[in-house]
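For reference, the structure is listed below as structure tokens.
Convention: sequence-line order gives letters A, B, ...; per-chain numbering from 1.
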Amino acid sequence: MAHRLLRDAEADGWERSDFPIICESCLGDSPYVRMTKADYDKECKICTRPFTVFRWRPGRDARYKKSEICQTCSKLKNVCQVCLLDLEYGLPVQVRDTALSINSNDAIPKSDVNREYFAEEHDRRARAGIDYESSYGKVRPNDTILKLQRTTPYYKRNRAHVCSFYVRGQCTRGLECPYRHEMPVTGELSQQNIKDRYYGVNDPVAMKLLNKAGEMPSLEPPEDENIRTLYVGGLDARITEQDLRDHFYAHGEIESIKMVLQRACAFVAYTTREGAEKAAEELANKLVIKGLRLKLLWGRPQAPKPESEISDEARQQAAVAHSGLLPRAVISQQQNQPLQPPGTHDQPPAMPYFNIPPQPQQERAFYPSMDPQRMGALVPAQDGASSGPSGSGDNRSGPEKQHQGQHYAYPGGPPPPQGQFYQQYYPPYGYMPPPPPPYQQYPPYPASMVPPPPSNATNHQHPPPYQSRVPPPPTGTDHQSAYQHRAPPGSNQQHHPPYQSGVPTPSPSAPPPATGEQHHARVPSASGEQAGTSQQMPSSETDQQS
Amino acid sequence: MPKVKTNRVRYPEGWELIEPTLNELQAKMREAENDPNDNKRKCEALWPVFKIAHQKSRYIFDLYYRRKEISKELYEFCLDQGYADRNLIAKWKKPGYERLCCLRCMQPRDHNFQTTCVCRVPKHLREEKVIECVHCGCRGCASGD
């Protein structure tokens with residue numbers, strides 16, 4: 001289209017409008033907004049048709065924003081004209097489409113004249129009042145999207161752009177420079193393309209968001225059959241016991257509700273296990289009381305006081321098992337309880353919440369930074385103490401393999417296989433393609449995998465990595481040794497099957513840091529990024545990738 | 001050829017006193033017009049021109065209205081010859097515009113939403129304290145500050 005001359009406003013299909021279709025964040029926080037309207041001022045960035053450009057300043061500390069795409073294009077995808085995020089949820093097109101399983105892409109042609117024609121047709125129909133199906137209004141929001149959505153407006157995106165002269169050190173404007181004098185944030189997310197974002201393909205922000213969504217724990221019943229308690233986190237002063245009761249009574253008879261306001265959590269115990277499971281299943285990601293989204297996890301047996309329902313025996317057993325003081329054999333026996341794959345990791349993750357208050361005995365809360373070994377320091381008392389991270393790195397490969405064999409519902413956790421992009425794909429989260437990890441792992445790791453009882457795989461996906469490293473001998477020693485495990489390199493291999501099971505336990509410390517790390521671990525790709533948190537995870541992962 | 005009437009400039013008395021300053025200012029102006037605008041922004045390159053124009057007008061305005069050192073005749077002469085901007089001085093006589101930087105900054109028709117340039121806003125009412133107006137590089141020409 002060489003020259004765009006407006007011969008006839010109506011027929012040409014140039015768009016005119018009275019007010020932009022924009023989201024709250026783009027409109028700004030100020031109730032006073034002055035907007036300029038310029039007919040046919042610019043070309044739509046997607047369909048390249050001229051349209052009415054609105055320009056305004058969304059707030060005092062904001063730059064001027066203007067509409068970038070035409071209204072036709074924005075209505076086709078139900079996105080804001082400026083930021084190209086969904087109008088209802090504030091999510092990128094790709095995320096919304098995946099989450100709601102909408103596929104709007106096929107119908108929209110992407111090239112040249114085809115695209116313009118389509119847009120014009122669409123526009124014409126809309127103006128004529130012909131009802132094209134706008135499916136966006138009819139789609140019911142599902143949990144995923146409700147969790148992912150942005151609830152409050154995000155004004156940071158309205159800030160001024162980064163001063164490129166400042167980045168080079170050449171900004172002569174100094175104080176009066178209207179651009180931000182900060183270093184730009186570079187990374188994968190910086191390479192965004194408006195067309196990609198609009199059509200919902202290959203959008204880095206969307207990928208990141210989807211990965212995060214994928215790793216949200218699905219609430220599976222824990223291995224210990226005695227656990228009938230659910231942990232509810234994120235409480236507020238407004239939420240009363242009665243509220244909890246109201247929400248939970250429908251699924252089963254509540255035995256007790258204990259609220260720990262100090263930790264903003266509560267424990268709901270059912271008389272029956274089934275009741276608890278039912279509640280967990282139904283409320284897992286849907287628990288919203290008084291507008292406050294609450295986190296729901298299974299209660300952990302070892303958690304001290306707050307847990308009222310866990311049987312003492314189970315607790316003791318777990319406690320003992322984790323002390324690392326028992327011979328491997330015993331521990332492995334204990335661990336041979338049916339551990340179910342995905343989600344049981346919520347035990348580890350739950351740890352940080354529960355265990356933080358009462359830490360004392362047995363040094364349970366062993367944070368990675370407390371581990372002298374981690375940073376490579378030599379701790380004379382322990383054998384094989386030498387190599388800190390590096391040593392452990394070697395170990396990892398061996399031990400890791402074992403875990404690969406197990407069924408990972410929670411593949412994201414430990415060394416995602418081969419550092420492929422799969423590492424980003426955490427447990428099938430509804431729409432996500434079920435991660436092939438378990439299968440992928442088999443090829444590379446033929447041998448030893450199968451023997452290790454699946455039980456082990458489970459909740460200790462985190463612990464597994466650690467455990468593997470635990471050198472054969474140490475289990476017997478103190479719990480510090482659990483960390484030293486890194487030292488003995490290949491020796492792990494042989495010992496695997498037997499001690500694998502044993503291993504999960506030896507480190508009650510492992511879980512806390514594991515869990516702590518787990519959270520970190522999941523998000524970034526398994527590369528040195530995690531170095532900050534725990535060495536154990538990352539190195540294993542990096543190994544995997546190699 | 002018919003007789004071409006030329007206007008020969010007749011300088012009124014008192015001219016010798018102000019002539020050197022005016023010449024200096026003219027020279028500055030020429031320099032500003034000719035300088036290579038290397039690392040400046042497009043609008044920034046014009047700022048010195050406005051600044052010097054303001055200076056020249058200010059000089060003559062001060063001489064006549066404030067210090068009263070030149071005669072009306074000389075004053076009018078300067079205005080006619082283009083050593084000062086008559087319209088700008090006309091604004092300076094009005095209350096509130098005593099320090100006006102240039103005529104563009106107070107022209108609502110030249111701005112979005114029919115406002116004035118930000119340099120006309122007093123500093124205590126502004127949010128950003130340090131500004132350079134885009135037209136003339138003025139940092140604040142409200143009468144208060």
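Summarising the local packing, CD of B:Glu76 is surrounded by more than 12 heavy atoms from other residues, nucleotides or ligands at distances under 6.0 Å. The number of heavy atoms from other shown groups lying within 6.0 Å of NZ (B:Lys51) does not exceed 12. Within 6.0 Å of atom CG in B:Asp38, more than 12 heavy atoms from other residues, nucleotides or ligands are found, so the atom counts as buried in its surroundings. Around atom OH of B:Tyr97, no more than 12 heavy atoms belonging to other residues, nucleotides or ligands sit under 6.0 Å away.
Atom CG of residue A:Leu175 and atom CD of residue B:Glu132 lie 10.0 Å apart, to the nearest 0.5 angstrom. A:Arg34 contributes atom CZ, which lies 8.5 Å from atom CG of B:Asn112 (distance to the nearest 0.5 angstrom).
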Handout entry: Stepwise side-chain contact (heavy atoms from CB on, under 4.5 Å) check, B:Arg41 with A:Arg173
Key = CA-CA 10 Å; B:Arg41 314 200 304 268; A:Arg173 294 176 75 171; 3.0 Å; yes
Exercise for the section: Please step through side-chain contact (heavy atoms from CB on, under 4.5 Å) for the pair A:Glu176 and B:Glu128, ending with a clear verdict. Expected result: CA-CA 8 Å; A:Glu176 67 106 7; B:Glu128 305 102 26; over 6 Å; no
